[in-house]
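Note that this is a predicted model, so its numbers are computed, not measured.
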Amino acid sequence: MADDPQDRLRQFSFQVFSKLEGAFTAGMIHLGDRLGLYRAMADADGSMTSHDLAEATGLQERWVREWLHNQAAARLIEFDDQGGTDRFGLSGEGRAVLASPHHPAFGMGMFHRLPQTMEALELMPESFRTGLGHDYDSHGPEGAVGIERAFEPWNHHNLLRKVLPAMDGVVDQLEGGASVADVGCGAGGAVLLMAEAFPNSTFVGYDISHHALDRATTKLAESGLTNARFADPGTSPLPSDGSIDLVTTFDCIHDMAHPTPVVGAIRSSLADDGHWLLVDIRAGETLSANIEQNPMASLLYGVSVLTCMSSALSEPDGEGLGTLGLPASRAEEMANTAGFTRFRTLDVAHPMNAFYEVRP
């Protein structure tokens, strides 16, 4: 019966342990990506046995078999035992999300950095006591790679074709020659993408993460582009003379320890006819709204504690916005306070983010 206390206890226990199941399966997804298991399954001509997959990857069959059993039980891979032999494969959706780095739905970035994210648990008790968090470089070089792999596939498919054209006259400015700054550029994917597409414009990516800047600098050298560079704002700050035509910020304002002065610096850098493309996590105005409207709310609040809010509290007096800390109303309020006068939501579909065009 629904009102039976023992039944309620069993249901609650199941709910708790389902979260633990998710944690362990997330670890298995990390291994599937890291060891090339998903890639080998995607490349196979049809389904595979555990022996087939072990041979294709050069791994030990017994370990591969147990991994496959986890993935089949989690309903992440296809499983067929007809004929007395267990065979496994990827659906089309599985190939896209698990094994296709250039697909916009590719989802392995956050799983790539899962070990680094989970290591932050060891730092959390002290953070809870002192109030001081840890910046993104605390996750090491692989943390930066994970962020890169998480965001670049979607950007490669949509930034040039959908996002920039949704802004008022920005593509024409870029084609004619504009000065662009990407604040919080990470590994530089958006900067390099735009720099290649708009050779008449110049691009500077700014980030405080040395690991991310190392990645960006390496990729810039590999690209051969001459109209882009990367800088640490601590030593080479954003100009304050109104010389920038376009500023972009991709999923970083909520991570910043002091976003209010950064937004002020963005306004000072922009020409009077300039544009700020603000991209950040789509958030509700209240906890209730996030819980009711976002099925991933618990995930995002957990990510916030270990990563985003931790970064936003990594300096004394940090503002601590966190992953879901920048709903549209707060973003617009911060923009208005900095001297912007126009704020509109762009019609860009994204599973997680909101896109705003902000103007002086």
Side-chain angles (χ1 to χ4, degrees), residues 29-30 32-34 36 38-39 42 95-114 116-117 136-137 139-166 174 180-198 201 203-225 227-231 246-255 277-282 303 307-308 311 323 346 348-355:
I29 294 173
H30 167 82
D33 176 59
R34 181 173 178 176
Y38 293 131
R39 183 68 262 161
R95 285 185 175 86
V97 175
L98 302 171
S100 302
H102 301 296
H103 195 285
F106 182 66
M108 292 297 95
M110 296 305 290
F111 292 97
H112 178 105
R113 69 194 306 272
L114 183 67
Q116 292 74 31
T117 303
Y136 268 79
D137 272 357
H139 296 275
E142 291 304 313
V145 174
I147 296 295
E148 175 187 357
R149 295 183 75 205
F151 291 105
E152 290 196 3
W154 192 91
N155 279 344
H156 272 280
H157 281 264
N158 295 285
L159 179 58
L160 300 178
R161 287 185 284 184
K162 295 182 180 179
V163 179
L164 295 178
L174 292 170
V180 182
D182 183 20
V183 176
C185 66
V191 166
L192 299 179
L193 188 65
M194 292 187 290
E196 182 178 13
F198 303 106
S201 293
F203 300 82
V204 182
Y206 295 89
D207 210 294
I208 63 172
S209 166
H210 294 163
H211 295 313
L213 287 176
D214 286 345
R215 286 285 300 161
T217 302
T218 298
K219 291 165 66 178
L220 174 60
E222 293 171 350
S223 74
L225 293 167
N227 61 331
R229 65 182 179 89
F230 295 98
L246 171 66
V247 172
T248 58
T249 57
F250 297 97
D251 290 286
C252 62
I253 296 295
H254 71 267
D255 293 314
L277 172 61
L278 167 56
V279 183
D280 218 287
I281 304 296
R282 185 187 304 107
V303 168
T307 303
C308 301
S311 173
T323 309
L346 298 177
V348 176
H350 189 279
M352 199 71 70
N353 285 339
F355 295 73

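Using a 4.5 Å heavy-atom cutoff, the side chains of Phe230 and Leu192 are in contact. Taking 4.5 Å as the limit, every side-chain heavy atom of Val145 sits out of range of all side-chain heavy atoms of Arg113. Contact of the Ile29 side chain with the Met108 side chain is registered, since non-hydrogen atoms from C-beta on lie closer than 4.5 Å. Using a 4.5 Å heavy-atom threshold, the side chains of Val163 and Trp154 count as touching. A heavy-atom distance below 4.5 Å is found between the side chains of Phe250 and Asp182. Taking 4.5 Å as the limit, some side-chain heavy atom of Leu346 sits within range of a side-chain heavy atom of Leu277.
Side chain of Glu152 to main chain of Gly189: a donor-acceptor pair is present (N/O by atom type, distance under 3.5 Å, no hydrogens or angles). Under the 3.5 Å distance criterion, the side-chain polar atoms of Asp207 are left unmatched by any main-chain donor or acceptor of Leu213. Side-chain N or O atoms of His156 include none that pairs as donor or acceptor with a backbone N or O of His103 at under 3.5 Å. Arg39 contributes a side-chain N or O that, together with a main-chain N or O of Ala99, makes up a donor-acceptor pair within less than 3.5 Å. In this structure, the side chain of Asn353 does not engage the main chain of Asp251 through any donor-acceptor pair within 3.5 Å. Ser311 contributes no side-chain N or O that, together with a main-chain N or O of Tyr136, makes up a donor-acceptor pair within less than 3.5 Å.
The two residues Val191 and Gly205 have their closest heavy-atom pair at CG2-CA, 3.9 Å. The shortest heavy-atom contact between Asn227 and Ala195 is ND2-O, 3.0 Å. Tyr206 and Ala181 make their closest contact through CE1-CB, 3.9 Å (heavy atoms, listed as atom of the first residue, atom of the second, distance). Residues Leu220 and Ala228 approach most closely at CD2-O, 3.5 Å, considering heavy atoms.
Annotation: the span from Phe151 atom CZ to Met110 atom CE amounts to 7.0 Å, rounded to 0.5 Å. Atom CG of Asn155 is separated from atom CD of Glu148 by 11.5 Å, given to the nearest 0.5 angstrom. Atom SG of Cys308 and atom CD1 of Ile281 lie 7.0 Å apart (nearest 0.5 Å).
Of the charged side-chain nitrogens involved, at least one lies within less than 4.0 Å of a carboxylate oxygen, so that Asp33 and Arg149 count as a salt-bridged pair.
Annotation for Leu225: atom CG counts as buried by contact number, over 12 foreign heavy atoms lying within 6.0 Å. Shown here is Lys162, whose NZ atom has no more than 12 heavy atoms of other residues, nucleotides or ligands within 6.0 Å.
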Query raised in the report: Could you walk me through whether Leu164 and Met194 pass the side-chain contact (heavy atoms from CB on, under 4.5 Å) check?
Result: CA-CA 10 Å; Leu164 295 178; Met194 292 187 290; 4.1 Å; yes

Report task. Could you walk me through whether Arg34 and Glu142 pass salt bridge (charged side-chain N to carboxylate O under 4.0 Å, His left out), step by step? Result -> CA-CA 12 Å; Arg34 181 173 178 176; Glu142 291 304 313; over 6 Å; no

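Partner of His254 under the side chain to side chain donor-acceptor pair (under 3.5 Å) criterion, chosen from Thr323, Asp280, Thr249: Asp280.
Between His30 and His112, the ring planes lie perpendicular to each other; the angle is over 60°, past the 30° to 60° tilted range.
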